[in-house]
Amino acid sequence: MSAPLLRVESLTAGYGAAPVLQDVAFVVPAGTIAAVVGPNGAGKTTLLRALSGSLPSIQGTISVSGTSLRGVPTEKLVHHGVAHVPEGRGVIGELTVDENLRLGGCGERIAPTPSVPSRKCTRCSSRSPGAATARGTSLRRGTANARDRTRLVARPTLLLLDEPSLGLAPRIVDLIMTTLRDLRDRTGLTVVLVEQNAHSALPISDQAIVLSLGRVAIATSAAELAHDPEFRTTYLGF
Ligand SMILES: Nc1ncnc2c1ncn2[C@@H]1O[C@H](COP(=O)(O)OP(=O)(O)OP(=O)(O)O)[C@@H](O)[C@H]1O
Ligand SMILES: [Mg+2]
């Protein structure tokens with residue numbers, strides 16, 4: 001097993017006085033995919049927000065490659081190799097596809113960064129029907145998975161993805177999952193994959209973390225969870 005890339009210990013976090021996440025702990029080894037699944041309101045999105053430094057109230061330890069992320073603002077995460085693709089909102093509609101891709105590389109919402117080579121952006125946007133000069137809003141229709149690419153331009157070591165399958169056709173969901181698996185296998189990318197769609201996420205994941213009421217209810221291998229009869233009936237429906 002490779003060394004831990006992400007380590008979360010005693011994480012308690014939320015939006016105000018009452019914490020949503022309580023005493024959450026897990027480790028994600030480098031070059032693996034951890035699926036985070038669980039029912040609506042379990043705290044999956046809150047967990048990603050805590051990891052990406054966008055929650056007001058947080059206790060515990062979050063470290064990437066041994067470096068603490070406590071106090072690191074969201075816009076500086078990219079310098080620690082972390083990219084966060086929030087649920088459904090990774091694209092700025094007023095900007096062009098090309099501009100969105102550049103922003104994905106710099107972690108700033110204002111000026112495109114000169115440090116992201118434009119050929120990388122061109123390579124990404126050329127794969128998107130609609131091309132570089134289309135408005136970002138167009139990505140929400142035919143090519144929603146391009147929002148994930150906007151973060152991949154930064155060449156992260158850790159990708160935090162919130163429900164990438166949401167609202168997409170099964171064919172596109174399959175494409176996203178196989179792309180994540182290939183990125184892990186080819187580049188050693190480490191992924192925390194939040195998904196309601198456990199059916200699609202578990203086959204490409206190494207480990208699975210089930211959140212329930214803000215706590216880790218089950219932490220096991222993805223293959224084991226997929227074959228857990230209780231989990232299958234509760235979450236997969238068969
Ligand atoms: N901005 C917010 N302010 C206050 N409470 C919030 C906020 N966002 C979420 N919550 C609460 O935090 C809890 C966990 O919500 P969260 O969105 O993390 O769940 P989730 O597992 O991502 O659910 P879903 O599967 O619906 O996306 C819920 O009780 C929710 O009402
Ligand atoms: Mg959510």
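Values reported hereafter were calculated over all heavy atoms of this structure, with side chains retained and with hydrogens, waters and symmetry mates removed. When a ligand or atom number is given, it counts from 1 through the structure's own listing order.
- Taking D228 as the reference, nothing meets the salt bridge (Lys or Arg N to Asp or Glu O under 4.0 Å) condition, with sequence neighbours excluded.
- Distance check, rounded to the nearest 0.5 Å: CZ of R49 to NZ of K44 gives 12.0 Å.
- Side-chain heavy-atom separations under 4.5 angstrom define the hydrophobic clusters, and the remaining members of the one that includes L55 are Y15, V20.
- Contact annotation: the side chain of L166 never approaches that of L168 to less than 4.5 Å [non-hydrogen atoms, C-beta and beyond].
- Using a 4.5 Å heavy-atom threshold, the side chains of I62 and L6 count as touching.
- Close contacts of ligand 1 with R49, meaning ligand atoms under 4.0 Å from a residue heavy atom, involve 8 (N).
- Annotation: the span from L69 atom CG to H80 atom NE2 amounts to 6.5 Å, rounded to 0.5 Å.
- Nearest to atom 26 (O) of ligand 1 among the protein's heavy atoms is N40 ND2, 2.9 Å.
- Within the 4.0 angstrom cut-off, atom 23 (O) of ligand 1 has one or more protein heavy-atom neighbours.
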Which side-chain N or O atoms in residues 214-222 pair as donor and acceptor under 3.5 Å with protein atoms at least two apart or in another chain?
from	atom 1	to	atom 2	distance (Å)
R215	NH2	Q22	OE1	3.4
T220	OG1	E224	OE2	3.1
S221	OG	E224	N	3.0

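- Atoms of ligand 1 lying under 4.0 Å from any heavy atom of E87, numbered from 1 in the order shown and given with element: 27 (O).
- Using a 4.0 angstrom heavy-atom cutoff, P39 counts as in contact with ligand 1.
- Nearest protein heavy-atom contact of atom 14 (C) of ligand 1 is G41 O, 3.4 Å.
- The shortest N or O to N or O distance between G38 and ligand 1 is not under 3.5 Å.
- From the protein, the heavy atom lying nearest to atom 15 (O) of ligand 1 is T46 OG1, 3.8 Å.
- Summary of contacts: the protein heavy atom closest to atom 25 (O) of ligand 1 is Q196 NE2, 2.5 Å.
- Under the 3.5 Å distance criterion, with hydrogens and angles disregarded, no donor-acceptor pair is assigned to the side chains of T179 and D182.
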query = Hey, mind stepping through D206 and R184 against side-chain contact (heavy atoms from CB on, under 4.5 Å) and telling me if it holds?
reply = CA-CA 11 Å; D206 299 283; R184 173 197 62 191; 3.0 Å; yes
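- Protein heavy atom at the shortest distance from atom 17 (O) of ligand 1 is T45 CB, 3.7 Å.
- S65 and T67 share no donor-acceptor pair across their side chains, judged by distance under 3.5 Å alone.
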query = Stepwise, does the side-chain contact (heavy atoms from CB on, under 4.5 Å) test hold for L47 with L11?
reply = CA-CA 9 Å; L47 173 62; L11 177 65; 3.8 Å; yes
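- In terms of N/O distances under 3.5 Å, ligand 1 is not approached by V20.
- Summary of contacts: the protein heavy atom closest to atom 5 (N) of ligand 1 is Y15 CD1, 3.4 Å.
- No hydrogens or angles considered: nothing links the side chains of Q59 and S10 as a donor-acceptor pair under 3.5 Å.
- Protein atoms of type N, O or S found under 2.8 Å from the Mg ion (ligand 2) total 1.
- Counting only heavy atoms, the protein never gets under 4.0 Å from atom 30 (C) of ligand 1.
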